[in-house]
Amino acid sequence: MKKKILSAYEKLLSQFGHKTRDPRHGTVVWWPADSDYEVVVGAILTQNTNWKNVEKALANLKNANKLSEVAILDTSIPELETLIRPSGFYRQKAERLKLATKKWLELKQKKRTNDFDVLELRNELLSVKGIGKETADSIILYAFHKPIFVIDAYTRRFCKAFFNFEAKGYDDYRLLFESSLPRDVKLFKEYHALIVEWGKQN
DNA sequence: CTCCAGGGGGCCA
DNA sequence: TGGCCCCATGGA
């Protein structure tokens with residue numbers, strides 16, 4: 001199984017090619033964002049929502065000069081709702097954005113002194129209302145740049161199609177990849193990106 | 001018109 | 001845990 005998972009990555013890579021490079025971290029990244037914090041915002045806004053709609057909401061925030069930690073925390077809920085409305089579920093997401101932002105700032109501070117274990121980081125994020133496993137893992141991988149494998153609907157379909165693997169829980173899928181691959185941030189980022197590229201064409 | 005998109009929470013058995 | 005409903009917009 002381990003070999004299959006690595007060879008499937010090679011196959012996707014030859015089919016779709018590398019994603020764009022992120023000059024800030026020198027890693028291959030697929031999540032489009034001008035800052036790590038923008039990844040956090042996008043991770044909340046994209047919940048059960050087409051990315052195109054997320055882009056509109058992000059553009060609204062940028063045009064209003066609101067795409068920063070302090071700005072989000074200082075902006076009223078009604079104003080936030082108006083700005084992110086195109087991404088849908090705007091009432092929930094306005095509140096979730098504030099909660100996620102507070103935790104994000106807290107974790108960035110702690111990181112300097114403690115240096116979190118990845119799973120500790122995950123549990124911290126999961127304690128926030130509005131952050132589930134997929135959102136937490138997306139933030140860890142694409143905003144904190146720490147190795148954890150992100151599972152989404154595409155990944156489940158991919159496992160069925162390529163490995164005939166079906167599991168019940170999110171972590172069953174996550175551990176399948178993590179136990180079969182070197183713990184490499186760049187690899188995890190790119191593999192997930194390639195699976196999504198594959199999924200969009202199927 | 002229907003269906004779904006880069007989910008998650010709350011409730012209930 | 002597993003099933004079900006709710007949240008809401010915009011594009012196909």
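Protein chains get the first letters and strands the later ones, always in sequence-line order, with residue 1 at the start of each.
- Counting only heavy atoms from C-beta on, A:Pro32 has its side chain closest to B:dG6 among B:dG7, B:dG6, C:dT9.
- For the pair A:Asn53 and A:Val128, nearest-nucleotide mapping onto DNA chain B gives the more 5' position to A:Asn53.
- Rounded to a whole angstrom, the distance from the P atom of B:dC3 to that of C:dC5 is 14 Å.
- Note on A:Asp34 versus A:Lys62: salt bridge recorded, some NZ/NE/NH1/NH2 to OD/OE distance being below 4.0 Å.
- Look at CG on A:Asn48: it is 10 Å from P on B:dG6, rounded to the nearest Å.
- The pair A:Arg91-A:Glu81 fails the salt-bridge criterion, with no side-chain N (NZ, NE, NH1 or NH2) lying under 4.0 Å from an Asp/Glu carboxylate O.
- Rounded to a whole Å, the NZ atom of A:Lys52 is 20 Å from the C1' atom of C:dA8.
- Residue-level contact check: A:Val39 touches neither bases nor backbone, having no heavy atom under 4.0 Å from any strand.
- The shortest distance between the side-chain N/O atoms of A:Thr49 and the OP1/OP2 oxygens of B:dG6 is not below 4.0 Å.
- Protein atom CD of A:Glu197 is 15 Å distant from nucleotide atom C1' of B:dA5, rounded to whole Å.
- Following rounding to the nearest Å, A:Asp137 (CG) and B:dG7 (P) show an atom-to-atom distance of 13 Å.
- Comparing C:dG10 with B:dG8, their P atoms sit 22 Å apart, to the nearest whole Å.
- In this structure, A:Trp51 forms no aromatic stack with the base of B:dA5, since the conditions of centre separation below 5.5 Å and plane angle below 30° are not both met.
- OP1 or OP2 of C:dA8 has not a single side-chain nitrogen or oxygen of A:Lys93 nearer than 4.0 Å.
- Annotation: the span from A:Ser76 atom OG to A:Lys98 atom NZ amounts to 7.5 Å, rounded to 0.5 Å.
- A:Ile44 has its CD1 atom 13 Å from the C1' atom of B:dG9, to the nearest Å.
- For A:Lys56, whose side chain is taken as the heavy atoms from C-beta onward, the closest listed nucleotide among C:dG11, B:dG6, B:dG8 is C:dG11.
- Between the side chains of A:Tyr37 and A:Thr101, at least one donor N or O sits under 3.5 Å from an acceptor N or O.
- For the pair A:Arg91 and C:dA8, the criterion of a side-chain N or O lying under 4.0 Å from OP1 or OP2 is met.
- Stem regions annotated for DNA chain B: B:2-5 with C:9-12, B:7-13 with C:1-7, counting only runs of 3 or more consecutive pairs of Watson-Crick or G-U type with both contacts under 3.5 Å.
- Aromatic ring centres of A:Tyr191 and A:Trp198 lie farther apart than the 6.0 Å criterion allows.
- In this structure, A:Asn202 atom CG and B:dG6 atom C1' are separated by 16 Å, rounded to whole Å.
- Of the candidate nucleotides C:dA8, B:dG7, B:dG6, C:dA8 has the atom lying nearest to any side-chain atom of A:Tyr90.
- Ring centroids of A:Tyr154 and A:Phe158 are separated by 6.0 Å or more, keeping the two rings apart.
- Rounded to a whole Å, the CD1 atom of A:Ile151 is 12 Å from the P atom of B:dG8.
- Between A:Phe149 and A:Tyr173, a ring centre-to-centre spacing not shorter than 6.0 Å is recorded.
- Among C:dA8, B:dG8, B:dG6, the nucleotide with an atom closest to any side-chain atom of A:Arg96 is B:dG8.
- An OP1 or OP2 oxygen of B:dG10 is reached within less than 4.0 angstrom by a side-chain nitrogen or oxygen of A:Lys129.
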Problem - Audit row: A:Glu190, A:Tyr9, side chain to side chain donor-acceptor pair (under 3.5 Å) steps and yes/no - result: CA-CA 9 Å; A:Glu190 185 147 75; A:Tyr9 167 74; 3.0 Å; yes
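- In this structure, A:Arg174 atom CZ and B:dG7 atom P are separated by 18 Å, rounded to whole Å.
- Comparing C:dC6 with B:dG6, their P atoms are spaced 23 Å from each other, to the whole Å.
- Judged by closest nucleotide on DNA chain B, A:Ser138 is the one of A:Gly130 and A:Ser138 placed further toward the 5' end.
- Between the NZ atom in A:Lys93 and the OG atom in A:Ser87 there is a gap of 4.0 Å [rounded to 0.5 Å].
- Listed nucleotides: B:dG8, C:dG10, C:dC7. Nearest to the side chain of A:Gln92: C:dC7.
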